[in-house]
> 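Structure in structure tokens, see below.
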Amino acid sequence: MVPKTRLELSKLLQLSGILRSSTPCPLRCISRRPLCSAAESSGFHDTRSWLDFDADPNGPENADSGDEFVIPSLADWVQSYPLLDHTKALHKPKSGKEEISDVDRMCQILKTHRRSLEDVVRALNGCGASPSKSLLEQVLRRFSNDWVPAFGTFSWAKSQTGYVHSPEVCDLMVDILGKSKKFHLMWELAEEMSGMEGYVSFVTMSKIIRRLAKAKKFEDAIEAFKGMNRFGVSKDIKSLNVLMDAMVKGDSVESAEEAFSAFKDEVGLSSESFNILIHGFCKCRKLDDARRVMEEMEKHGLRPDSVSYTCFVDAHCREKDFRSAESILKEMTQKGCPPNVVTYTIYMHALGKAKQINEALGVYEKMKSRGCVPDTSFYNSLIYILSKAGRSKDAQEIFEDMEAEGVDRDVLTYNTMIAAACERSQELVALKLLKKMEEESCQPDLKTYAPLLKMCTRKKRMRVLHFLLSHMLRNNVSIDLGTYELLVRGLCKSGKLDKACSFLEEMVSKGWTPRETICKLLIEKLDAAGMVKEKEHAEKLMSTVK
DNA sequence: CTAGGGTTAG
């Protein structure tokens with residue numbers, strides 16, 4: 001009996017018995033009482049965690065060496081799962097009446113016809129699918145790290161009668177081309193869009209500017225800004241701030257300041273622009289420049305605000321200079337712009353990272369006593385530092401509390417919890433969180449899966465690994481270079497050399513170039529294992545991409 | 001994604 005496509009994860013967990021754990025540990029509600037004294041209270045170092053799974057005497061630690069699951073029913077279930085050989089097509093047409101969606105069918109085609117744009121278009125022309133906005137959005141998201149199939153699909157759809165791309169799909173395509181540094185194609189598309197009323201928007205231009213700045217093409221980013229009017233988008237203070245912010249994020253606050261000087265008379269002044277520069281200078285530890293900008297800000301009659309000061313708090317925290325950070329906090333209160341939730345998050349997170357967990361929790365108490373309300377990001381930080389401090393039980397309680405406090409959990413909340421569970425090799429805890437994400441319609445991203453995949457390679461859970469890869473595909477999360485490297489490295493270390501080889505093959509076929517260290521590792525391992533043929537094959541493969 | 005915060009590797 002093969003489970004239906006949508007419910008795999010919940011089935012997996014049901015069968016594993018994890019959902020039957022109906023007697024949770026009594027929760028000490030962390031947010032309703034002081035935490036500083038909590039460190040010594042009982043239960044923290046109890047390795048039996050909050051799920052029955054870890055209390056299982058046949059826990060994962062005992063099954064470290066094999067490819068088997070701890071819980072038989074789980075193993076049975078995964079065995080019955082239509083396993084995906086990642087080197088083959090995703091959904092092989094099965095006998096019977098299984099419906100295969102257009103998206104899946106197209107992705108299957110795209111996996112084998114990816115050599116050139118013409119190849120993609122030709123293959124899609126023969127597949128009989130008809131394009132729609134949601135189809136395009138899904139395919140583009142799945143191949144957002146893979147511009148040939150993405151752009152090929154985009155071009156194919158454009159040529160189909162009765163279909164016209166929406167502005168949103170065009171923006172998505174612009175962004176993918178920019179991410180892949182295909183700037184020539186990106187501009188061509190932008191030109192094409194400008195011929196259609198309402199297609200090039202502020203969003204489009206922002207994406208273009210951000211991608212150029214990220215690739216350190218600052219001159220081109222400025223040209224894009226200058227040319228905005230031609231595309232029918234107004235060149236105003238908001239867009240100048242986008243340009244400056246993009247440059248700061250591309251590690252050139254100097255370019256941002258130049259742009260500011262060049263265009264400020266044209267678009268006017270705002271405290272946002274000054275704060276972007278203060279932020280930029282603080283990030284690269286040029287505090288004197290940051291102070292200079294702050295003075296200029298005041299000269300122009302704009303008062304530094306919480307954002308301005310928070311940049312300085314962040315700078316001191318990065319240096320682990322907590323006394324200076326503290327004195328900025330005091331100054332903020334004196335100047336009438338008291339620290340807010342962002343300021344506290346930065347300060348608490350830095351203390352926690354510096355292993356000063358009690359001081360960090362003190363910040364939490366202080367913030368609450370001042371009536372500042374924690375938000376999602378704040379709780380995410382708190383969960384992160386508690387986990388890093390080995391207080392997973394407290395982290396779990398905060399996670400639970402968020403709901404009660406009416407604060408939404410986001411993808412980072414889950415990513416943090418999942419990463420922590422994976423670090424402790426709590427496989428089912430991690431999978432349960434993934435399922436909860438699904439239930440709450442929280443869309444996973446690459447960073448959700450990375451720790452899970454890494455854990456699978458470490459624990460040699462090949463079936464779970466394949467399960468996760470298909471889960472990623474279904475959630476339109478496309479594998480990037482880093483993830484492939486993680487897989488190859490992890491599998492090498494666990495001696496799963498054949499699998500490591502096939503992932504190498506796959507990444508090369510997708511146009512990624514594995515780093516030298518990864519190649520060396522794999523070759524060495526193959527050599528040591530006496531896998532001569534495979535070694536030669538891998539060497540040949542690598543020589544083709546260098 | 002539209003000023004400041006949170007995920008990080010062997």
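A note on names: the letters A, B, ... follow the listed sequences, proteins ahead of strands, and every chain is numbered from 1. For clarity, every value in this text was computed on a predicted model and none was experimentally measured.
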> Give a yes/no verdict on a cation-pi contact between A:K436 and A:Y414, requiring under 6.0 Å between NZ or CZ and the six-membered ring centre and an angle within 45° of the axis.
no
> Answer yes or no: are there more than 12 heavy-atom neighbours, outside A:K214 itself, under 6.0 Å from its atom NZ?
no
> Quick one: pull up CE in A:M472 and OG1 in A:T483 and give me the separation to the nearest 0.5 Å.
5.5 Å
> Would you sort out whether A:E505 and A:K510 count as a salt bridge (Lys or Arg N to Asp or Glu O under 4.0 Å), showing the intermediate values?
CA-CA 9 Å; A:E505 185 124 34; A:K510 285 201 178 178; over 6 Å; no
> Picking from B:dG10, B:dA3, B:dG4, which would you name as closest to the side chain of A:E272?
B:dA3
> For B:dG5, does the base pair up with any side-chain atom of A:D375 as donor and acceptor (N or O, under 3.5 Å, distance only)?
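Looking at the base of B:dG5, it does pair with a donor or acceptor on the side chain of A:D375 (distance under 3.5 Å).
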> Within the structure shown, what part of the strands sits under 4.0 Å from A:V411 by heavy-atom distance: base, sugar-phosphate, or nothing?
nothing
> Is the shortest side-chain N/O distance from A:K249 to OP1 or OP2 of B:dG4 below 4.0 Å?
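Checking A:K249 against B:dG4: at least one side-chain N or O falls below 4.0 Å of OP1 or OP2.
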> In whole Å, I'd like the distance from the CD1 atom of A:I383 to the C1' atom of B:dG5.
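Atom CD1 in A:I383 sits about 15 Å away from atom C1' in B:dG5.
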> Using whole Å, report how far CG of A:L351 lies from C1' of B:dG5.
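After rounding, the gap between these two atoms is 14 Å.
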> Please confirm whether the backbone N or O of A:L491 pairs with a side-chain atom of A:K499, one donor and one acceptor, at under 3.5 Å?
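The answer is no, because no donor-acceptor pair under 3.5 Å joins these two groups.
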> Tell me, do A:W512 and A:E485 make a side-chain contact under 4.5 Å, heavy atoms counted?
no
> Could you check whether A:S239 gets within reach of a base, just the sugar-phosphate, or nothing at all, counting any heavy atom under 4.0 Å?
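The answer is nothing, as A:S239 stays clear of every strand by at least 4.0 Å.
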> Does A:H279 place a side-chain N or O at less than 4.0 Å from the phosphate oxygens OP1/OP2 of B:dA3?
no
> Classify the nucleic acid contact of A:K207 as base, sugar-phosphate or nothing, counting any heavy atom under 4.0 Å across all strands shown.
nothing
> Name the nucleic acid region contacted by A:S306, choosing base, sugar-phosphate or nothing; use a 4.0 angstrom heavy-atom cut-off, strictly under.
base
> When the C1' atoms of B:dC1 and B:dG5 are considered, how many whole Å apart are they?
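Each nucleotide's C1' atom is 16 Å from the other's.
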> Among residues at least two apart in sequence or on other chains, which ones pass side chain to side chain contact (heavy atoms under 4.5 Å, CB included) with A:N241?
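A:N241: side chain to side chain contact (heavy atoms under 4.5 Å, CB included) contacts with A:I237, A:M244, A:S270, A:E272, A:S273, A:I276.
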> Let's see if you can work this out: which of B:dT2, B:dG10, B:dG5 has an atom nearest to the side-chain heavy atoms of A:K238?
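Closest of the options to the side chain of A:K238: B:dT2.
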> Counting any heavy atom closer than 4.0 Å, what does A:N415 reach on the DNA or RNA strands: base, sugar-phosphate only, or nothing?
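Answer is base: heavy atoms of A:N415 come under 4.0 Å of a base.
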> Of all the nucleotides listed (B:dG5, B:dA3, B:dG10), which has the minimum atom distance to the side chain of A:V342?
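Comparing B:dG5, B:dA3, B:dG10 against the side chain of A:V342, the answer is B:dG5.
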> What does A:N340 touch in the nucleic acid at a heavy-atom separation under 4.0 angstrom: a base, only the sugar-phosphate, or nothing?
base
> Round to the nearest Å and state the distance from A:F378 atom CZ to B:dG5 atom P.
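After rounding, the gap between these two atoms is 16 Å.
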> Mind checking A:S381 for me? I need base, sugar-phosphate or nothing, with any heavy atom below 4.0 Å counting as a touch.
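Sugar-phosphate, no base atom in range.
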> Rounded to whole Å, please give me the gap between CE in A:M417 and P in B:dT7.
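Nearest whole value for this atom pair: 16 Å.
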> OP1 or OP2 of B:dA3 less than 4.0 angstrom from a side-chain nitrogen or oxygen of A:K283, does that happen here?
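So the side-chain polar atoms of A:K283 never come under 4.0 Å of the phosphate oxygens OP1 or OP2 of B:dA3.
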> Classify the nucleic acid contact of A:F202 as base, sugar-phosphate or nothing, counting any heavy atom under 4.0 Å across all strands shown.
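Counting heavy atoms under 4.0 Å across all strands, the contact made by A:F202 includes a base.
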> Using a heavy-atom cut-off of 4.0 Å across all strands, would you classify A:D314 as base, sugar-phosphate, or nothing?
nothing
> Base, sugar-phosphate, or nothing for A:L412, non-hydrogen atoms under 4.0 angstrom?
base
> State which of B:dG10, B:dT7, B:dG4 makes the closest approach to the side chain of A:K493.
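Nucleotide nearest to A:K493's side chain: B:dG10.
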> Using whole Å, what does the distance between atom P of nucleotide B:dT7 and atom CG of A:L433 come to?
18 Å
> Nearest whole Å is fine: how far is B:dG10 C1' from A:I518 CD1?
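Spelled out: CD1 on A:I518 to C1' on B:dG10 is 9 Å.
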> To the nearest angstrom, how far is A:F260 atom CZ from B:dA3 atom C1'?
12 Å
> Over how many whole Å does the gap from A:K388 atom NZ to B:dA9 atom C1' extend?
11 Å
> Among B:dA3, B:dA9, B:dT2, which nucleotide has an atom closest to any side-chain atom of A:S271?
B:dA3
> If the cut-off is 4.0 Å, is A:Y384 near the phosphate of B:dT8, judged by side-chain N/O to OP1 or OP2?
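Affirmative; the distance criterion is met.
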